[in-house]
Engineer: 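Here you go, one structure.
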Amino acid sequence: MKKGINKSILFYVVSALFLIVSAIGLTTGNENSMAIVWLCLGSSFLCLGSTHKKKENNADDK
């Protein structure tokens, strides 16, 4: 395995941060539309993290 930070972990961390900000935005009641944008971004980064993780696992198997 390569040295350095695993990129999929970074995607997961960013996803968690976006989802936390989204939850805070939805519970406070201010700017619900912006909270939905943060929720979509969090979900997108979660998908990117899982896709990148699968790609890394397939590259390690070869």
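Note that these values count all heavy atoms, side chains included, but never hydrogens, waters or copies made by symmetry.
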Engineer: If you take all heavy atoms of S22 and A35, which pair is closest and at what distance?
Structural biologist: OG-O, 3.1 Å
Engineer: Checking S33 now: which residues fulfil side chain to side chain contact (heavy atoms under 4.5 Å, CB included) with it, not counting sequence neighbours?
Structural biologist: E31
Engineer: Just how far is it from atom OG1 of T51 to atom CG of L46, taken to the nearest 0.5 Å?
Structural biologist: 9.5 Å
Engineer: List the atom pairs, with distances to 0.1 Å, where a side-chain N or O of residues 10-20 and a protein N or O form a donor-acceptor pair under 3.5 Å, not counting sequence neighbours.
Structural biologist:
residue : atom : partner : partner atom : Å
Y12     : OH   : S50     : N            : 3.4
S15     : OG   : G42     : O            : 2.8

Engineer: Nearest 0.5 Å, what's the NZ-OG distance between K53 and S8?
Structural biologist: 4.5 Å
Engineer: Given a cutoff of under 4.5 Å between side-chain heavy atoms of I, L, V, M, F, W and Y, with clusters grown through shared members, what are the other residues clustered with I36?
Structural biologist: L26
